[in-house]
Amino acid sequence: MSFLDLKNVTKIYPNGTKAVHETSLSVDEGEFMVFVGPSGCGKSTLLRMVAGLEDITEGDINLDGKLMNEVDPSERDVAMVFQNYALYPHMNVYNNLAYGLKNRGIDKQTIEQKVNDAAKLLQISDYLQRKPSMLSGGQRQRVAMGRAIVRNPKIFLFDEPLSNLDAKLRIQMRLEIKKLQQKVGVTSIFVTHDQVEAMTLADRLAVINNGIIEQLGTPIEIYDNPKSLFVAGFIGSPQMNFLDGNLKNKTLSAEGFEIKDINSDHEGEVTLGIRPEHLSQTENGLINLKVDLVEQLGSDNLVYGQLKDKKDFCYRCPGNQTIEKNSNLSLNIDNNKYYIFDKSTGKRVN
Amino acid sequence: MTRFITSSFSHLILFIGILIMVVPVWMIFASSTHTSSMINMNGLQMFLGDSFYENYLRVLLYQGGFFKEITALKMFFNSFIMATGVAILSVVTSLMAAYALVYYRIKHATLLFWIIFITILVPLELRIFPTYSVMAELNLVNSYFGLIVPISASAIATLFFRQFYKTVPDELLESAKLDGANTWRFFVDFLIPLSKTMIVAMLIFMFVFGYNQYLWPLLVTTSEQYWTVVMGLKMMSGSIVHRFAFVMMSMVPPILIIIVLQKHFIKGVFQDK
């Protein structure tokens, strides 16, 4: 049995909404697990069930070998960082950090020691006497983390903690969270809807959609080998291009081109997925792209345009290439890096 | 220039308003420092006389009432006990009622709240006979307890606290729970400190409300020992200067409370967080 075990966990709200469907998942000790998915997919509900803030309708949650279903949140020894931080507005930073320890009846000296250590680790020692309202967004974020760290819990739970920060700070805090987790070595679950955050933070990530884990794996596994149309579309930026096609006798015919010798016996209507970065310009390529717009990011160019059938398409090329608006590009798919999904089920078939 | 004229004009109006309110009070105060023969001969006075200590000391210590059992000092004591009791008891019960209504999973909590709220439409004067008979049955006539308890359930204070609790984000409760706080600790460590200013405001409101009670103390006390200041205002007899002095002193406790706590009072009524 691993450190955290979810077995057929289901959540049905009193109004009948099924937020989480029979989800099973194990998280190893020290692992950084990320739940990623669009808003309303049930990822936060799943996290809150681990914390004990939501009742479990069916299934079991085991943490460190103990069944947690009926255990009160205060007894679970988990710490959570909330989206709006939920700092205690009437207490100064020191007391925010110390409160959980005081409730556990730890003596004053040990509390002071622990709070000071955590504050040092997070570089908030200078603000210990301040109230949360006197702190900036990034500092509040650190205090929220400090409150979690200081208790030395079995597991850290992060509920979209970076979404209230501006873009620059978000990237900085993302890095700090990752470093901190590696340093402290605490098992963590991080919920986000931002796939870049998910990819960069996760040891393993679970892509969740409509209350179901669509795919579970390391970020690279999921990027390289998406098992469904949803995962393929959700992971990767810019989004994967999707084209309609038909698969018959190992040959895929799409609008304007054909791909032969496909490694699949599937037949029928399919969706072809190609990542913008898995294309390159050649003469007489498979795909003809009429350029509408070029976004120059410096290191890369994102080329947006349309195919013959007016379908939107994106191509990513190195930043040193100059591409004119309204020009026509001929593109090939790199090394058979394309994905074929059954059109009706969305499952990968190649 | 026009701005100067309009602002001078509005200040003039404000000044007249202040005069209308302050001058009568001042006249009573000034008159209360003269001897009664002076007032009887020359009418109300605008300037201070020299009988201040004499008049006020006599009023405070004079044994009054039919049975000569009560002094003004005792009345102030009674009023203070009553007003403080009403203030504390109503704030405590309202805090707890609001907490239960907002944070406990009570069926029909909203309906229950509105039922509590409707009691505003049933003031003490309307239910005075049943309330009196309950107090009489319980042998609480002529006691501080009987003076305080029947007017200490405040729907208004419950409303204020309930509305405030509803603005407290859920994450705070959840975070506190994860930090090991039980329901009682959350109430004591979070809601009470967070509603501190509102508690002070309500204490002032309810103190003044309790202090100003007239009909209920009149009914529930037959012994002069329990007379309050407001009852005393009606019962006072004797010379005019002594009555004036008593009127002046009766205003002091509510004014003092408001002056001392006004900063919190304003913050609490107009919550800005």
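Side chains are part of it too, since the values below use all heavy atoms of this structure and drop only hydrogens, waters and symmetry mates.
Counting heavy atoms of neighbouring residues, nucleotides and ligands inside a 6.0 Å radius, atom NZ of A:Lys120 does not exceed 12 of them. Within a 6.0 Å sphere centred on OH of B:Tyr165, other residues, nucleotides and ligands contribute more than 12 heavy atoms. When the shell of 6.0 Å around OH of A:Tyr13 is examined, it contains more than 12 heavy atoms from other residues, nucleotides or ligands. The local environment of CD in B:Glu125 is crowded, with over 12 non-hydrogen atoms from other residues, nucleotides or ligands closer than 6.0 Å.
The choice from B:Pro169, B:Ala181, B:Pro193, B:Gly180 that makes the most heavy-atom pairs within less than 4.5 Å of chain A is B:Gly180.
For a residue to count as touching a neighbouring chain, one of its non-hydrogen atoms must lie under 4.5 Å from one of that chain's; by this rule A:Asp77 does not touch chain B. In this structure, no portion of A:Leu101 lies under 4.5 Å from any heavy atom of chain B.
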Exercise for the section: Please assess B:Leu178 against A:Phe82 for the test side-chain contact (heavy atoms from CB on, under 4.5 Å), listing each intermediate value before the final yes or no. Expected result: CA-CA 11 Å; B:Leu178 291 174; A:Phe82 291 86; 4.2 Å; yes
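Rounding to the nearest 0.5 Å gives a distance of 7.5 Å between CG of A:Asn103 and CG of B:Asn182. Distance CD/B:Glu171 to CG/A:Leu87: 11.5 Å, rounded to 0.5 Å.
One N or O on the side chain of A:His90 and one on the backbone of B:Asp189 form a donor-acceptor pair closer than 3.5 Å.
The stretch residues 122-139 of chain A participates, sequence neighbours left out, in no salt bridge (charged side-chain N to carboxylate O under 4.0 Å, His left out) pair at all.
Annotation: ring pair (Phe, Tyr, Trp, His ring centres under 6.0 Å) contacts of B:Tyr104 (sequence neighbours excluded): B:Tyr99. Among residues two or more places apart in sequence or in another chain, the ring pair (Phe, Tyr, Trp, His ring centres under 6.0 Å) test is passed with B:Phe186 by B:Tyr103, B:Phe190.
Under 3.5 Å, the side chains of A:Tyr88 and B:Asp179 contain a donor-acceptor pair of N or O atoms.
The contact list for residues 39-54 of chain A toward chain B, using heavy atoms and a distance under 4.5 Å, reads A:Arg48, A:Ala51, A:Leu53 by residue number.
Side chains of A:Arg147 and B:Ser175 form a contact here, defined as non-hydrogen atoms less than 4.5 Å apart. You'll find the side chain of A:Pro73 reaches within 4.5 Å of the side chain of B:Lys177, heavy atoms only.
A:Ala86 approaches B:Leu172 most closely through the heavy-atom pair O-CD1, 3.9 Å.
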